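All remarks here apply to the structure that follows.
These numbers were taken from a predicted model, which means no experiment stands behind them. In the text below, chain A, chain B and the rest are named by the order of the sequence lines, each starting its count at 1.
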Amino acid sequence: MRRLLILGAGTAGTMLANILRRELPDDWSITVVDKDNDHPYQPGYLFIPFGTSTPERVVKPRTQFLPKGVDFVQTGIRKVRAADNEVDLEDGRTLPYDWLLIATGAVPRPDLTPGMADGKLWYKKVFDFYTLEGSTRLHDALETFQGGKLLVQLTDMPIKCPVAPLEFVLLVEDYFRTRRIRHKVDITYVTPLDGAFTKPIASRELGHLLTDRSIRQVTDFALERIDNDRQVLVSYDGREQPFDLLVTIPLHTGQQYVFDSGLGDDAGFIPVDKKTLRSTAYDNIFVLGDASNIPTSKAGAVAHFAVETFVPNFLALIDGRPMPNSFDGHANCFVESGRGQALLLDFNYDTQPLTGTFPLAGVGPMKLLGRSRLNHLGKLAFEQIYWKVLLPGHKLPVPTLMSMAGKHEED
Amino acid sequence: MPTNTLNDRTFQVNDEGFFTDRDEWSEELATDLAQLIGIEMDEEHWAPIRFMREDSAKNGPTPTLRRMQTVGGFDIKELYRLYPGKPAKKMAWIAGLPKPVGCV
Ligand SMILES: Cc1cc2nc3c(=O)[nH]c(=O)nc-3n(C[C@H](O)[C@H](O)[C@H](O)COP(=O)(O)OP(=O)(O)OC[C@H]3O[C@@H](n4cnc5c(N)ncnc54)[C@H](O)[C@@H]3O)c2cc1C
């Protein structure tokens with residue numbers, strides 16, 4: 001019996017369990033560990049504040065998406081003892097493994113910024129929408145907001161889904177417009193980056209969109225602390241931004257057990273070879289999804305492409321053959337822009353998001369970096385695709401590696 | 001890729017002016033670059049630059065401000081005083097390293 005252990009039954013872990021159960025022979029045992037049985041569709045968190053999705057709708061039981069023939073262990077992970085090929089669990093058990101696949105994601109850490117989670121305004125005037133609780137409470141706060149200074153603020157990179165803060169600011173603008181109090185709400189997007197996004201062409205295009213909607217931008221703002229008494233953000237260089245309502249995207253790190261196991265970098269992300277996703281420290285550990293340190297977006301789409309690249313490599317490896325695939329960092333995401341439209345970004349390690357069209361079999365070309373209704377419908381459709389196609393590990397009509405077809409190259 | 005020339009020394013840079021080859025860098029060049037953005041290099045200024053070069057040589061990416069704090073032991077506010085406005089960018093530029101970006 002060969003033992004495969006998967007840590008985390010989120011986006012990447014669930015896909016891995018499904019695909020590998022089909023691909024691996026019966027003498028392989030597959031065990032998946034997660035602390036609870038609530039699988040959230042995290043992109044849905046973006047819509048809960050506006051009442052266009054609900055907490056009930058985004059969460060389903062993890063076990064519903066795990067295949068037969070896989071053991072699900074529901075408890076917290078305490079420590080990986082990689083030198084011994086064992087994992088200690090919070091319920092006192094120890095699981096030995098031959099191969100370890102880590103898919104425990106990234107976690108927002110409002111506790112790391114003074115005055116954020118420990119401040120008296122937390123979940124009163126200061127909210128996140130990166131957790132189910134945060135997005136649900138923010139819904140109530142938005143409903144009662146009658147006007148004033150609203151800040152949507154990004155603390156630092158990396159974060160999950162780097163476009164979500166921009167989507168939020170565009171959607172919140174649209175929300176107040178629909179409520180007919182847009183003129184009473186002063187909206188500012190506060191970012192530590194030097195523009196709306198980190199990659200130049202997308203930053204320019206998305207920056208225009210903010211200007212067109214009269215959303216102010218404050219750039220190069222590195223948050224030091226939140227002054228709760230005066231209701232202001234204070235940056236390291238002493239600048240201040242007052243607010244009546246603050247929507248913050250907190251710092252992110254890897255999971256606590258990763259720190260405790262000595263597996264992560266200073267932010268708790270696990271160093272891997274960016275082409276094979278194999279741990280640089282241990283040959284029998286691979287890291288899929290947000291938990292690794294690869295230089296691309298922390299996004300479900302990336303987890304998906306990475307898993308597709310990884311599986312044939314793994315099958316070759318256990319067969320004693322060289323790994324055939326090399327991951328290119330492919331990321332592909334819809335950016336909701338309000339008014340029933342969305343943009344599409346497609347990029348990888350080497351190529352930044354460009355304008356043009358994205359050729360998608362069966363649906364037709366989708367506009368890259370430009371707004372369209374079709375993109376918006378694509379984003380909405382993704383929820384069903386996630387549950388029905390992606391998690392069970394079925395093929396999507398999207399190329400795993402990025403393609404330059406349809407893209408406009410600029411000088 | 002554009003080539004930059006400063007005081008008779010040439011080096012390759014990307015469209016944003018950051019070095020593309022860390023080996024084309026030298027302390028003299030860094031001192032001249034710093035002057036262009038109004039910074040007079042002294043020991044206080046050199047310490048974070050040296051850390052950045054050593055850390056990225058070992059680990060790859062240009063360290064972020066947060067890493068400068070947690071791993072290098074620098075005070076972020078102090079870095080803002082030494083390199084006003086955009087310390088991470090300015091230091092990376094002077095250190096001959098790629099612009100530090102948290103990944104997209
Ligand atoms: C607001 C928001 C919007 C987003 N929008 C998009 C989008 O439009 N498109 C897109 O592609 N991506 C989007 N994402 C990102 C996407 O959800 C994540 O990138 C994706 O879920 C990562 O998958 P993962 O498997 O790495 O981690 P996760 O899906 O987060 O799974 C990690 C799992 O590990 C478990 N775990 C962690 N630590 C422990 C422990 N110690 N013990 C036991 N279990 C543990 C957790 O319970 C969890 O189930 C969004 C995310 C957010 C927050």
Side-chain angles (χ1 to χ4, degrees), chain A residues 106 112-113 154-163 191-195 197-203 219-225 234-239 251-253 265-269 271 274 280 290 292-299 302 329 331 333 345 347-349 352-353 410-411, chain B residues 1-3 12-18 20-22 37-39 44-45 48 51-52 54-94 97-104:
Chain A
L112 294 182
T113 300
L154 169 59
T155 308
D156 206 356
M157 301 298 285
I159 56 166
K160 291 196 250 197
C161 198
V163 294
T191 170
L193 306 175
D194 58 8
F197 200 59
T198 47
K199 309 262 178 170
I201 294 176
S203 184
T219 55
D220 295 300
F221 191 94
L223 181 67
E224 184 200 357
R225 63 194 165 87
V234 184
S235 72
Y236 280 110
D237 57 357
R239 281 182 288 158
L251 292 171
H252 280 47
T253 68
D265 62 15
D266 54 302
F269 297 114
K274 69 177 190 176
T280 50
D290 296 348
S292 84
N293 74 337
I294 55 172
T296 188
S297 284
K298 297 200 179 300
V302 174
C333 41
L345 305 187
F347 57 101
N348 69 11
Y349 291 143
Q352 58 164 321
E410 307 195 13
D411 305 318
Chain B
M1 286 288 166
T3 305
Q12 309 293 314
V13 294
N14 67 11
D15 1 317
E16 290 184 285
F18 289 85
T20 50
D21 179 0
R22 58 177 289 138
I37 53 170
I39 288 169
E44 269 189 315
H45 285 90
F51 170 78
M52 270 188 148
E54 283 162 22
D55 187 65
S56 66
K58 261 187 285 168
N59 295 290
T62 307
T64 60
L65 285 185
R66 214 156 289 277
R67 186 171 170 87
M68 304 282 293
Q69 183 184 45
T70 52
V71 181
F74 295 95
D75 178 34
I76 297 185
K77 268 190 169 153
E78 185 60 17
L79 296 175
Y80 268 93
R81 189 182 65 76
L82 294 168
Y83 296 94
K86 305 178 178 188
K89 251 178 117 168
K90 285 184 179 173
M91 290 189 296
W93 186 69
I94 292 171
L97 300 171
K99 182 167 101 174
V101 276
C103 314
V104 210

Say you draw a straight line from OG1 of A/Thr280 to CG of B/Asn59; how long is it, rounded to the nearest 0.5 Å?
9.5 Å

At a heavy-atom separation under 4.5 Å, does A/Leu251 approach chain B through its side chain, its backbone, both, or neither?
side chain

Considering heavy atoms only, which positions within residues 80-89 of chain B lie below 4.5 Å of chain A?
B/Tyr80, B/Gly85, B/Lys86, B/Lys89

With A/Asp265, which residues qualify under side chain to side chain contact (heavy atoms under 4.5 Å, CB included), at least two apart?
A/Ala267, A/Phe269, A/Asn293

Go through the atoms of A/Ala202 and report whether side chain, backbone, both or neither lie under 4.5 Å from a heavy atom of chain B.
neither

Return the set of residues passing salt bridge (charged side-chain N to carboxylate O under 4.0 Å, His left out) with B/Arg66 (not counting sequence neighbours), or none when no residue passes.
A/Asp156

Among residues at least two apart in sequence or on other chains, which ones pass ring-ring contact (aromatic ring centres under 6.0 Å, His included) with A/Tyr236?
none

When only pairs under 4.5 Å are counted, which of A/Leu345, A/Asp266, A/Asp194, A/Val302 shares the most heavy-atom pairs with chain B?
A/Asp266

